[in-house]
Protein chains: 2
Amino acid sequence: MAKVDTSLVAHLPLFGGVKPEDLDEILREARSARYPKNSAIFEQGADAQSFFLLLHGHVRAAKTTPTGEQIVVRYVAPGETFGLAMAIGAARYPATAIAVDDSVALIWPTSAWPRLVERFPSLAANTLQTVGTRLQESHTRILEMSTQQVEQRVAHALLRLAKQSGKKLDRGIEIDFPISRQDIAQMTGTTLHTVSRILSGWEQQGLVESGRQRIILRDPHGIVVLAERSPDSGAA
Amino acid sequence: MAKVDTSLVAHLPLFGGVKPEDLDEILREARSARYPKNSAIFEQGADAQSFFLLLHGHVRAAKTTPTGEQIVVRYVAPGETFGLAMAIGAARYPATAIAVDDSVALIWPTSAWPRLVERFPSLAANTLQTVGTRLQESHTRILEMSTQQVEQRVAHALLRLAKQSGKKLDRGIEIDFPISRQDIAQMTGTTLHTVSRILSGWEQQGLVESGRQRIILRDPHGIVVLAERSPDSGAA
DNA sequence: GCTCGTTTTTGAGCTATCGCAAACACCCTG
DNA sequence: CAGGGTGTTTGCGATAGCTCAAAAACGAGC
């Protein structure tokens, strides 16, 4: 098992309040693994045997209906935890996790969680905070889906992705991992066709530059304007 | 300040793992208050000075957009906590809480939370579990909003309400607090008009019996069937 | 450099649902 | 028990976005 350098992860929210000398003890319980692009890390419904901390790459968490439709729950960026089923008392993963880029994660066995929490109560507090934040984001998403039109929702989604995983270029901000029209549709509750039409329109207006699984926001501010536009303030 | 009987709350999930003799110490930090029907318990954006445990009644948590549209985040039933902003590290309430019936709640000052958690780590673990469960429910709701039609979403919403706060009658299951078409619309991302039409239809078919802020599921199983019907398996 | 599979684009019609408007029913109050 | 306010029903037109369909663009591998 490769040794993890504590200095690389010490600053993460998960370890807030944990003394540096204790961090090593926590990390000793973890192993790390590499996931090639497009491989599954765990499947919805599978036994939640581990929980994860993403070190490199990007992971898509998606939920599937009985009838096969999918939604993207979120994209995981480096430094974030995922697969926390056990912390919330679920025996099985409620979603599927796929590496969308070559990725590396730290992996703890679910069974280690109770012991870790007992020894380092900050872990529970920190995780509570994380999960709470996600809950709020989730409510915001519900609010958007209930009250906004598709174009605005797509605008919001891209802005969020840019904030979380945007890479600054001279020409604008690029979403730093491969993402398809279909993925965006599954984040916003629409179809890939509609997303394609919207992005085509934006490209015309010089708001974005995009291609196969690639999006650059050329005019982030312009997109903010779109995102906040009231439903009827029509374009020319 | 009225003394709270520990035996009434000892079994609640929040206090799992807390020794009975300690429970009193926790309750000593709380006061209780009565909220008349339709009164606000706290407002979205206000300082999160307290967190709550509902003892009697029902509370609606709703989120408002800048432009005034609302969604219902959830209904709180007796025994559930709400207003947990502090636990997730938010200084202000992200939603408004309204008593939909005469209600009674225990109230702790936000400032007491860190001390309580330090002294009784199970509180953090239990709260994590609660928040985690809500997160999953929230994701389920997003999934439904993305993939199902309005009628199915309304069916799911009513079934959930019935499970959480249903009162068994001979004639069926009654939602045990006042709830309007508008409220249901705000839970499912539609309009009161559409909800009204749907319920009218169901009433014709004998699935429900409903009136002003009142709904009885006369044929819960029939509604389950509706809820699970695939989008196109058309009715006669 | 060509081939194959995937992703994206675009068109055209269709429909579930919205938005508006008006009438109606119910409940509480005085 | 009449009045006023809130919640509900229903009709009708408008439309955002979906569905189906097909072509085009792109990238990876041979």
Side-chain angles (χ1 to χ4, degrees), chain A residues 36-38 60 67-71 98 100-102 144-155 175 177-204 208-216 226 229-235, chain B residues 36-38 60 67-72 98 100 144-155 175 177-186 188-204 208-216 226 229-235:
Chain A
K37 183 170 171 171
N38 292 327
R60 179 181 63 229
T67 59
E69 289 115 324
Q70 278 202 345
I71 63 152
I98 307 272
V100 296
D101 248 350
D102 289 349
E144 285 178 6
M145 291 193 58
S146 299
T147 61
Q148 305 185 333
Q149 327 222 140
V150 172
E151 185 171 32
Q152 294 171 54
R153 302 205 301 265
V154 171
I175 311 293
F177 54 85
I179 184 166
S180 70
R181 308 292 185 258
Q182 172 78 336
D183 294 325
I184 296 172
Q186 290 175 347
M187 298 180 71
T188 52
T190 181
T191 64
L192 79 162
H193 305 274
T194 298
V195 172
S196 178
R197 279 180 241 270
I198 288 171
L199 289 183
S200 294
W202 291 357
E203 190 128 25
Q204 301 277 324
V208 303
E209 173 189 331
S210 74
R212 203 186 177 80
Q213 311 210 96
R214 191 178 55 80
I215 300 178
I216 298 170
L226 270 187
R229 173 146 90 217
S230 79
D232 58 301
S233 58
Chain B
K37 183 169 170 172
N38 292 326
R60 179 182 61 231
T67 58
E69 290 116 323
Q70 277 202 345
I71 61 152
V72 172
I98 307 271
V100 295
E144 286 178 6
M145 291 194 57
S146 299
T147 62
Q148 305 184 331
Q149 328 220 148
V150 173
E151 185 172 32
Q152 294 170 55
R153 302 206 301 265
V154 172
I175 310 293
F177 53 84
I179 183 166
S180 70
R181 309 291 185 259
Q182 172 78 336
D183 294 324
I184 295 172
Q186 290 176 348
T188 52
T190 181
T191 63
L192 80 161
H193 306 275
T194 298
V195 171
S196 178
R197 280 180 241 271
I198 288 171
L199 289 184
S200 295
W202 290 356
E203 190 128 25
Q204 302 275 323
V208 302
E209 174 189 330
S210 76
R212 202 187 177 77
Q213 309 207 100
R214 190 178 55 81
I215 300 178
I216 298 170
L226 270 186
R229 173 149 85 221
S230 79
D232 57 300
S233 56

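Here is the naming used below: chain letters follow the sequence lines, and residue numbers restart at 1 for every chain.
Each of A/Thr190 and A/Arg214 was assigned the nucleotide of DNA chain D with the nearest heavy atom; the assignment lying further toward the 5' end belongs to A/Thr190. Where A/Glu151 and B/Gln204 each meet DNA chain D at their nearest nucleotide, the meeting point lying more 5' is that of B/Gln204.
Contact annotation: side chain of A/Arg197 to base of C/dT9, donor-acceptor pair absent below 3.5 Å. You won't find any donor-acceptor pair under 3.5 Å spanning the side chain of A/His193 and the base of D/dT19, going by distance alone.
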Passes side-chain hydrogen bond (donor to acceptor under 3.5 Å, both in side chains), A/Ser180 versus A/Gln182? Steps please.
CA-CA 5 Å; A/Ser180 70; A/Gln182 172 78 336; over 6 Å; no
Trace of the side chain to side chain contact (heavy atoms under 4.5 Å, CB included) decision for B/Ile216 with B/Val208
CA-CA 6 Å; B/Ile216 298 170; B/Val208 302; over 6 Å; no
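Helix-axis bend for the helix from C/dG1-D/dC30 to C/dG30-D/dC1: the local axis fitted to the five terminal pairs at one end deviates from that at the other end by 40°, rounded to 10°.
The listed nucleotides are D/dC18, D/dT10, C/dT6; the one nearest the side chain of B/Ser200 is D/dT10. Nearest nucleotide to the side chain of A/Arg181, out of D/dG5, D/dG17, C/dT8: C/dT8. Listed candidates were C/dC26, D/dA25, D/dC18. Nearest to the side chain of A/Arg212 is D/dA25.
Contact annotation: B/Ser196 side-chain N/O to D/dG7 OP1/OP2 distance is not under 4.0 Å. Checking the phosphate oxygens (OP1, OP2) of C/dT17, no side-chain nitrogen or oxygen of B/Thr194 falls inside 4.0 Å. Proximity of A/Ser180 to the phosphate of C/dT7: no side-chain N or O atom is located under 4.0 Å from OP1 or OP2. Side-chain nitrogen and oxygen atoms of B/Gln149 include at least one within less than 4.0 Å of the OP1 or OP2 phosphate oxygen of C/dT17.
Among the heavy atoms of the strands, none lies under 4.0 Å from A/Gly201.
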